[in-house]
Trainee: 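Can you read through this structure? Questions will come right after.
For clarity, every value in this text was computed on a predicted model and none was experimentally measured.
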Amino acid sequence: MDSLRQEKIQKFEEFVDRRLKPDLVHAIVERDKIFDQQKIFSDLRKNIENLEKNSVTSLRTLVNLGSEVYMQAEVPDTQRIFVDVGLGFHVEFTWSEALKFISLREEKLERQIEEYTRLIASIKAQIKLVCEGIRELLQIPEEKTVEGRVF
C-alpha cells in the first residue's frame, strides 16, 4: 500500500476518533440530560394532578436538606406551588397555571430531544460514511447484509 493511501486512512481515522466520536458522546449526554428534565416535569404534572383529584389542601412531607438528610415539613396551603423555571428562578403558580407551564415546557423538551436524536443519527451516518471510505481505500470487499432477523 502506498504512503499516500496510508496517510489518507490515518487522517480519516483521526477525524473519527478526535471529532466525530466526541461529538456523538456529547450529543448523547445532552439528550440524556433533557430526558431527565422531561421525567422531572412529568412527575410534577402527575403529582399536581393527584393533588387536584384528591382535593388535598394541606400536606406533610419530608424535605431533603442535602447529603441525604431529611426533615419533616408541613405545607398548610397546597393551592400554590413554586416551580423551578430555570437559571435558579422559582415562580409561584396555581395548580392550573403550573399545569399549563409544564405542558409548554414538555413540548419544548420534546422538540429538543428530537433535535438531538436527529443530530445523533447524522453523526452516526458520518461515522459510517468515513468507515466506508476507509474500507474502500483498503480495498476490502463490502460486507454482505443478511436479510431477516438479526440476533
Trainee: Going only through I, L, V, M, F, W and Y residues with side-chain contacts under 4.5 Å, is there a path from Leu138 to Leu4?
Mentor: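 Cluster IDs for Leu138 and Leu4 differ.
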Trainee: Judged by atom type as modelled, is there a donor-acceptor pair below 3.5 Å linking the side chain of Asp77 to the main-chain atoms of Gln79?
Mentor: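 Looks like yes, one N/O pair under 3.5 Å.
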Trainee: May I have the list of side-chain donor-acceptor pairs in residues 59-74 shorter than 3.5 Å, sequence neighbours left out?
Mentor:
{"residue": "Arg60", "atom": "NH2", "partner": "Gln72", "partner atom": "OE1", "Å": "2.5"}
{"residue": "Asn64", "atom": "OD1", "partner": "Gly66", "partner atom": "N", "Å": "2.9"}
{"residue": "Glu68", "atom": "OE1", "partner": "Tyr70", "partner atom": "OH", "Å": "3.0"}

Trainee: Among Asp17, Asp23, Val16, which residue satisfies the side chain to side chain contact (heavy atoms under 4.5 Å, CB included) criterion with Arg19?
Mentor: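 Running side chain to side chain contact (heavy atoms under 4.5 Å, CB included) over Asp17, Asp23, Val16 with Arg19 returns exactly one hit, Asp23.
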Trainee: Only distances under 3.5 Å count here; give the side-chain donor-acceptor pairs of residues 113-131 to other protein atoms, sequence neighbours excluded, each with its distance to 0.1 Å.
Mentor:
{"residue": "Thr117", "atom": "OG1", "partner": "Arg31", "partner atom": "NH1", "Å": "3.3"}
{"residue": "Thr117", "atom": "OG1", "partner": "Ile113", "partner atom": "O", "Å": "2.8"}

Trainee: In terms of hydrophobic clustering (I, L, V, M, F, W, Y; side-chain heavy atoms under 4.5 Å; direct or indirect links), are Leu109 and Val29 co-clustered?
Mentor: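 Cluster IDs for Leu109 and Val29 differ.
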Trainee: What pair of heavy atoms forms the shortest contact from Ser58 to Pro76, and how long is it?
Mentor: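 Of all heavy-atom pairs spanning Ser58 and Pro76, the closest is CB-O, 3.6 Å.
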Trainee: Hydrophobic cluster membership, with links at side-chain heavy-atom distances under 4.5 Å among I/L/V/M/F/W/Y: are Trp95 and Leu104 in one?
Mentor: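 In one cluster: no.
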Trainee: Would Val91 end up clustered with Val75 when hydrophobic side chains under 4.5 Å apart are linked, directly or stepwise?
Mentor: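 No; Val75 is not reachable from Val91 via cluster members.
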Trainee: To the closest 0.5 Å, what do you measure between CD (Glu136) and NZ (Lys8)?
Mentor: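 Between Glu136 CD and Lys8 NZ, I get 11.5 Å after rounding to 0.5 Å.
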Trainee: Looking at CD of Gln37 and CG of Asp32, how far apart are the two atoms once the value is rounded to the nearest 0.5 Å?
Mentor: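 Interatomic distance, Gln37 CD to Asp32 CG, rounded to 0.5 Å: 11.5 Å.
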Trainee: Walk me through it: do Glu97 and Lys100 pass the test salt bridge (charged side-chain N to carboxylate O under 4.0 Å, His left out)?
Mentor: CA-CA 5 Å; Glu97 292 169 340; Lys100 288 176 188 173; over 6 Å; no
Trainee: Quick check: closest heavy atoms across Leu99 and Arg45, and the distance to 0.1 Å?
Mentor: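 Minimum heavy-atom contact is CD2-CG, 3.7 Å.
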Trainee: Is it the case that one hydrophobic cluster holds both Val85 and Leu44, taking links as side-chain heavy atoms less than 4.5 Å apart, direct or via other members?
Mentor: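 Both belong to a single hydrophobic cluster.
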Trainee: Check which hydrophobic residues are tied to Phe82 through side-chain heavy-atom contacts below 4.5 Å, counting indirect links as well, and list them.
Mentor: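 Phe82 clusters with nothing; isolated.
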Trainee: For the CZ atom of Phe101 and the CD atom of Glu106, what is their distance to the nearest 0.5 Å?
Mentor: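 Nearest 0.5 Å value for the CZ-CD distance: 10.5 Å.
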Trainee: CD1/Ile40 to CG/Asp84 distance, rounded to the nearest 0.5 angstrom?
Mentor: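 Separation between the atoms: 8.5 Å.
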Trainee: Hey, what do you get for NZ (Lys11) to CG (Leu137), rounding to the nearest 0.5 Å?
Mentor: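 CG of Leu137 is found 12.5 Å from NZ of Lys11.
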